[in-house]
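The basis for the numbers below is simple: all heavy atoms, side chains too, and nothing from hydrogens, waters or symmetry mates. Chain letters run A, B, ... following the sequence lines, proteins first and then strands; every chain starts at 1. Everything numeric in this text was worked out from a predicted model, so none of it was measured.
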Amino acid sequence: MKAQSVKLPISTSDGQFVARYTEKGLAELNFPLVGTLRCGVRTSQRDVPTKVRRWHQVTVAALKNILAGRSPKKFPPLDLSNGTTFQRKVWNALRKISCGQTKSYGEIARAIGKPNAVRAVGGACGANPIPVLIPCHRVLAANKKLGGFSGGLNWKRKLLTREGVMFR
DNA sequence: GTCACCTTAGAAG
DNA sequence: CTTCTAAGGTGAC
């Protein structure tokens with residue numbers, strides 16, 4: 001039995017994001033699609049449960065706030081059940097980084113009690129199913145270097161710049 | 001068991 | 001300043 005999920009589009013000035021919801025909440029958020037990845041995305045909300053539509057409204061508002069460099073006042077429930085225990089610890093730590101602030105991978109590692117798992121933290125960030133809402137882009141390398149970003153370094157630069165963060 | 005990673009501290013040029 | 005190495009935890013195969 002596979003978990004039921006619904007994909008809904010989010011139009012922003014940066015393109016169309018896609019949110020995926022399960023029975024538990026927001027499970028995934030994708031950057032604007034480039035190719036033919038839009039299969040399964042609902043174009044109408046007609047058959048979408050009321051519960052999900054309500055979450056979606058919150059998600060859209062939160063996403064647009066962050067894209068504009070502001071802190072969202074409200075988050076939708078997140079379904080992180082597909083992540084490992086370690087990954088959930090990392091993602092939870094990431095959510096504590098507020099707008100305009102940054103941390104290093106090493107700081108995250110220490111925050112979750114695994115001071116040497118710096119590289120693993122990077123891996124967990126890369127596996128983050130909900131970029132932007134879980135601010136993996138606010139994590140820089142130890143020497144304030146940009147580091148990497150699976151979703152594309154251009155996004156990381158753009159988001160940080162809008163939040164007024166300086167990096168090299 | 002192997003290998004790839006969104007790392008880091010330290011050594012060397 | 002720069003590039004290079006080794007060590008390192010976790011996850012996917």
Side-chain angles (χ1 to χ4, degrees), chain A residues 1-5 7 10 12-22 24-37 39-40 59 62-72 75-168:
Chain A
M1 177 79 91
K2 189 184 176 198
Q4 181 75 339
S5 66
K7 294 184 185 178
I10 302 178
T12 72
S13 53
D14 292 291
Q16 178 182 280
F17 286 67
V18 175
R20 185 172 68 82
Y21 299 88
T22 65
K24 298 175 186 173
L26 178 64
E28 192 178 346
L29 184 66
N30 296 309
F31 284 109
L33 305 176
V34 279
T36 57
L37 288 174
C39 55
T59 300
L63 176 61
K64 290 188 175 179
N65 269 320
I66 297 180
L67 289 179
R70 295 183 53 82
S71 274
F75 283 92
L78 306 181
D79 179 7
L80 270 23
S81 60
N82 55 335
T84 65
T85 300
F86 178 82
Q87 290 172 332
R88 280 190 295 238
K89 277 186 189 171
V90 173
W91 299 337
N92 191 55
L94 292 181
R95 294 185 58 191
K96 294 175 186 167
I97 308 176
S98 55
C99 184
Q101 293 184 133
T102 62
K103 288 203 171 206
S104 70
Y105 294 96
E107 286 176 307
I108 298 294
R110 284 193 289 278
I112 62 176
K114 300 279 185 180
N116 295 318
V118 288
R119 220 165 166 186
V121 168
C125 290
N128 173 17
I130 314 176
V132 187
L133 291 202
I134 293 180
C136 47
H137 58 280
R138 293 182 188 138
V139 184
L140 301 178
N143 11 337
K144 279 67 177 179
K145 284 185 303 189
L146 195 52
F149 196 63
S150 294
L153 276 175
N154 48 326
W155 277 110
K156 192 169 183 175
R157 286 200 188 89
K158 184 184 295 185
L159 290 167
L160 287 173
T161 299
R162 288 180 186 174
E163 294 182 7
V165 173
M166 301 305 272
F167 51 88
R168 80 160 191 150

Which heavy atom in [X] sits nearest to a heavy atom in [Y], and how many Å separate them?
{"X": "Ile112(A)", "Y": "Lys89(A)", "result": "CG2-O, 3.7 Å"}
{"X": "Val132(A)", "Y": "Ile66(A)", "result": "O-CD1, 3.3 Å"}
{"X": "Leu153(A)", "Y": "Gly148(A)", "result": "CD2-C, 3.7 Å"}

Report task. Might you work through the salt bridge (Lys or Arg N to Asp or Glu O under 4.0 Å) test for Arg20(A) and Asp79(A), ending with a clear yes or no? Result -> CA-CA 10 Å; Arg20(A) 185 172 68 82; Asp79(A) 179 7; over 6 Å; no
Would the distance check show the side chain of [X] and the main-chain N or O of [Y] forming a donor-acceptor pair, the cut-off being under 3.5 Å?
{"X": "Lys64(A)", "Y": "Thr12(A)", "result": "no"}
{"X": "Lys158(A)", "Y": "Leu67(A)", "result": "no"}
{"X": "Arg138(A)", "Y": "Ile97(A)", "result": "yes"}

Atom pairs under 3.5 Å, N or O on each side, protein against nucleotides 11-13 of chain C: can you list them with distances?
{"unit_1": "dG11(C)", "atom_1": "OP1", "unit_2": "Thr84(A)", "atom_2": "OG1", "d": "2.2"}

Query raised in the report: Do Arg95(A)'s NZ or CZ and the ring of Phe75(A) fall within the cation-pi criteria of under 6.0 Å and 45°?
Result: yes
Report task. Determine which bases of DNA chain B form Watson-Crick or G-U wobble pairs with both distances under 3.5 Å, and write the result as a 5' to 3' dot-bracket string with | for other-strand partners. Result -> |||||.|||||||
Which part of the nucleic acid does [X] contact within heavy-atom distance under 4.0 Å: base, sugar-phosphate only, or nothing?
{"X": "Ala117(A)", "result": "sugar-phosphate"}
{"X": "Gly123(A)", "result": "nothing"}
{"X": "Arg138(A)", "result": "nothing"}

Query raised in the report: Counting heavy atoms not belonging to Lys144(A), are there more than 12 under 6.0 Å from its NZ?
Result: no
Query raised in the report: Aromatic rings Trp155(A) and Phe17(A): how do their planes relate, parallel, tilted or perpendicular, breaks at 30° and 60°?
Result: perpendicular
Query - Where chain A begins and ends its contact with DNA chain B, read 5' to 3' at 4.0 Å from heavy atoms - result: dC5(B) to dA9(B)
Query raised in the report: OP1 or OP2 of dG9(C) less than 4.0 angstrom from a side-chain nitrogen or oxygen of Arg110(A), does that happen here?
Result: no
